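Inspection log for the structure reproduced underneath, given as structure tokens.
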Amino acid sequence: MARVKQSRSCETAELVSAYLDGQLLPGELDTVVTHLGECADCIAEFHQLKEVRAALRTLPFLEIPEHLLPDTHPGELLSAYLDGQLDTSEHDFVISHLDFCTDCRLELHELDSARTAIRSLPGLEPPEFLTVHRERIERERWSRRRVVAAGVGIAAAAAFVFAIFGPTTETGDLDLIPLFDQHQARVSVDSGFNVIPAFAPAGESP
Amino acid sequence: MRRTRRLAILASATALLLMLSAASAVADDSLQDYLDEAAEASYAGQQATWCSFGGKTKFSVVSVEHAGAMVMLESQGSAQVLGGGMASTHGTGNGLALAAWSPVDLASRYEAADTAASFRLGRDVVVVTVNENDQMRARIWFDKVTHAALGSEVYDGDGDLFRLSWTIDFDPNPRRIFNVLRDNEPVYDLVVVSEADALPERIGGYEKVDTYAGPEDSTHAYYSDGLFSFSVFAISGEGAIGPFVDADAIELPSGSYRWILTPADLWVQWSGTGRTYVLVGDLPPDHLEAVLGELPKPSRGNIFTRLWNGIFG
């Protein structure tokens with residue numbers, strides 16, 4: 001959002017746009033909040049800016065030509081992103097960049113898919129000389145294992161019977177609050193019934 | 001000449017009919033405008049919300065501060081800040097941020113059937129009646145000056161009131177949210193877009209708008225029709241999840257589901273095809289039933305469970 005033309009009487013008027021976008025620094029925020037409470041010009045500017053924002057929403061979306069985009073792609077930061085290893089400034093930069101860069105969003109998806117694929121790869125068989133060595137160790141342990149195996153066999157049989165005939169097992173104590181937060185974050189960028197904001201108070205949340 | 005004139009009149013009438021039918025096939029622009037303006041409104045107030053479903057009723061009063069696209073909701077000492085694809089709870093230092101999202105269009109089944117001037121909380125308002133296929137689905141009270149939605153009613157498929165929300169104290173100038181935004185500098189976890197999802201693209205009149213990686217290795221599909229919305233989380237493994245273990249069950253033609261009601265949302269959980277599903281959203285009950293009918297069906301459980309349920313209910 002472009003910043004509005006500065007009011008003749010107020011030096012803080014320029015910050016009103018950033019204030020609506022939630023982009024003010026802590027010091028600036030104090031200044032604007034205090035100033036808006038006492039300056040009629042800036043309140044008028046505030047409402048004018050909201051009208052401009054509403055008008056801008058009616059404009060069609062245009063793709064930014066590739067040659068106009070700055071060559072500041074996050075590159076290796078995307079991988080660190082997925083690993084949760086970015087500091088706050090890098091994190092903010094990547095998020096804002098992903099907002100407009102289709103290429104980087106695609107790269108991020110590919111990285112994520114690759115990580116998923118790697119996790120799903122089967123384990124490799126060890127070389128033959130290691131297998132022979134392992135067999136010798138296995139033989140030495142066999143006598144001890146026979147006792148253990150009998151116990152494991154009984155337990156496995158019990159587990160099998162329970163899986164077939166027993167009641168449904170619980171998936172776990174999954175906390176639903178992260179699911180709710182993620183749903184709410186997505187709802188927050190739509191203009192449907194989130195005009196009536198939803199909230200699950202502590203005592204009401206499932 | 002007379003025949004030519006008749007043909008011209010006939011052609012004009014046909015064209016007019018085509019234009020009218022085309023106009024009715026697209027979503028109501030005025031309703032979209034009201035909703036867009038309300039989403040960007042600035043105000044503060046107390047909001048009471050009441051919801052009734054399946055013989056249960058939930059009620060809450062929440063403090064709301066709405067400044068542009070940012071919203072702060074406060075209840076029972078907890079403050080949640082939402083907006084711009086981000087969500088965080090004040091004081092925790094943590095939040096989450098969506099990497100990307102797609103625009104949503106208002107479904108053509110909705111139209112602003114009637115708009116009327118009224119007066120609420122000492123303010124001039126416009127009451128918009130929203131019809132869905134010629135049946136009243138909702139009424140929304142929009143403040144004329146701030147464009148804020150001061151109240152709403154949502155009706156189910158039988159025309160009964162399903163959810164009611166009213167602002168009971170209104171101030172056009174939000175202030176506290178800015179202090180919270182100043183003090184609240186959480187570290188955001190990025191939620192990346194995922195394509196590993198097998199849920200249908202369109203169900204019950206709702207479009208699947210986006211798919212994300214969800215918590216605990218789940219996938220998150222977000223559906224919306226521009227007015228209501230819901231999310232479906234698919235988690236590996238079958239079985240009841242924490243709060244749903246003791247939840248009420250509801251029997252639908254598509255199977256048995258466990259559900260929890262909150263003042264603003266319905267939560268539904270079921271298991272099938274090796275996965276556990278959790279749905280959360282503000283959609284009305286008849287929409288929910290249509291949606292569940294087109295999602296993966298609940299499994300009937302193993303032989304022991306069915307026998308147990310058959311004997312003890």
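Naming convention: chains lettered A, B, ... in sequence-line order (proteins, then strands); numbering from 1 in each chain. This structure is a prediction, so every number in the text was calculated from the model and none was measured. Heavy atoms only: backbone and side chains are in, while hydrogens, waters and symmetry mates are out.
A:L98 has its side chain within reach of B:L190: a pair of non-hydrogen atoms, C-beta onward, lies under 4.5 Å apart. Put simply, the side chain of A:S188 does not reach to within 4.5 Å of the side chain of B:V71, judged on heavy atoms. B:Y222 is listed as a side-chain neighbour of A:D190, based on a closest heavy-atom distance under 4.5 Å. Using a 4.5 Å heavy-atom threshold, the side chains of B:V280 and A:L179 count as separate. Between B:L82 and A:V187, every side-chain heavy-atom pair lies at or beyond the 4.5 Å cut-off. Between A:H109 and B:V192 there is no side-chain heavy-atom pair separated by less than 4.5 Å.
In this structure, the portion of B:D210 lying under 4.5 Å from any heavy atom of chain A is its side chain and not its backbone. Heavy atoms of B:A97 lying under 4.5 Å from chain A belong exclusively to its side chain. Proximity to chain A is limited to the side chain of B:V191, based on heavy atoms less than 4.5 angstrom apart. Contacts between B:A138 and chain A at a heavy-atom distance below 4.5 Å involve the side chain alone, from C-beta outward. Contacts between B:S42 and chain A at a heavy-atom distance below 4.5 Å involve backbone atoms as well as side-chain atoms.
Across all their heavy atoms, B:L96 and A:P178 have their closest contact at CD2-O, 4.3 Å.
When the candidates B:A69, B:A67, B:G84 are compared by the number of heavy-atom contacts under 4.5 Å with chain A, B:G84 comes out ahead. The most heavy-atom pairs under 4.5 Å with chain A, out of B:V187, B:V209, B:V193, come from B:V193. Top candidate by heavy-atom pairs under 4.5 Å with chain A, chosen from B:G68, B:G83, B:G281, B:A41, is B:G83.
Residue B:S231 is tested with A:Q182, A:Q184, A:R186, A:H183 for a side-chain hydrogen bond (donor to acceptor under 3.5 Å, both in side chains); the sole match is A:H183.
Residue B:D246 qualifies as open at atom CG: its count of foreign heavy atoms under 6.0 Å is 12 or below.
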Legend entry - Chi angles and distances behind the side-chain contact (heavy atoms from CB on, under 4.5 Å) call for A:I95, B:M86: CA-CA 11 Å; A:I95 286 178; B:M86 294 178 284; 5.9 Å; no

